[in-house]
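Start at 1 with the first residue, then count along the sequence. Here the structure is a predicted model, which is why all the values come from computation and not from measurement.
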Amino acid sequence: MKFGVVVFPGSNCDRDMAYVTTSLLQCPTRMVWHQETDISDLDVVVLPGGFSYGDYLRCGAIAQFSPVMPMVVDHAKQGKFVLGICNGFQMLTEMGMLPGALVRNRDLHFICDRVPVKVERNDLYWTTAYHPGEIISLPIAHGEGRYYADAETLKALEDNGQVLFRYATVSGEIETIGNPNGSLNNIAGICDTTGKILGMMPHPERAADPMLGNIDGMRLFQSLLKTFNNC
């Protein structure tokens, strides 16, 4: 499995992501400058966290016009994998590759913390190494991470089982007290109807190295590798 990590002006989690895929997963990886237009060699495209284009206008609003992004859309249409983390999730919603939007946090300030996250299902490419209902700990770092969608879109996400991760309390309750940013339905991560496009605000790449004392995020990547190798 070959990874490509897209680098935009203002990306700051691209090297963290590449460290996970190259040093920890031992997978071929290349950094993809946002002006590239040939990503046909890749199996997984990662849109990393950061502040692409300084988050001018709104997060991800300018990055969607980078030359590489139509190639990412084509990549997904070919049935390949796309992962958008934090700013990358914002890009996916701006592009319409995932429904909804990420708006200002409920309390209107930047949040940098580790939070409990509930795994809703483990039968998709990204989550087979987890247990359904498992509570994991992942870092978050965002100012515009509150997931929003209209009632019809929310119902479709829930009915289709597209919500993979929710903010929760340490004991697993889906309540306001366990919702750091005010996301509707406590949504922390969703996928498209194929399950191959995943967008999430928490940072699994920051919880992948044993030296950091938390490898809950590593299992997301291990899930994908195992599923890919079994295809």
Pairing of E134 and K118 as salt bridge, 4.0 angstrom limit: no
Heavy-atom check, side chain of V82 versus side chain of L92, under 4.5 Å: yes
Partners passing side chain to side chain contact (heavy atoms under 4.5 Å, CB included) against P99 (at least two apart in sequence or in another chain): Y147, T153, L157, I190
Atom pair OH (Y130) and CD1 (I136), whose distance is rounded to the nearest 0.5 Å: 4.0 Å
NZ/K155: more than 12 non-hydrogen atoms of other groups inside 6.0 Å: no
Student check: side-chain heavy atoms of V32 and V5 closer than 4.5 Å: no
Hphob cluster co-occupancy, I85 + V73, side-chain heavy atoms under 4.5 angstrom: yes
I215 atom CD1: more than 12 heavy-atom contacts under 6.0 Å: no
Other residues, nucleotides, ligands: >12 heavy atoms within 6.0 Å of L108 CG: yes
Pairwise side-chain contact, T93 with L102, heavy-atom cut-off 4.5 Å (strictly under): yes
Heavy-atom donor-acceptor pair, N105 side chain to N181 backbone, under 3.5 Å: no
L224 side chain near T128 side chain, heavy-atom distance below 4.5 Å: no
Any side-chain heavy-atom pair of E205 and C13 under 4.5 Å: yes
For D216, all residues meeting salt bridge (Lys or Arg N to Asp or Glu O under 4.0 Å), sequence neighbours excluded: R219
R166 and E158 ion-paired at < 4.0 Å: yes
Ring centroid separation Y53 to H34 under 6.0 Å: yes
Test item: C112 and I140 side chains (from C-beta on) under 4.5 Å apart, heavy atoms: no
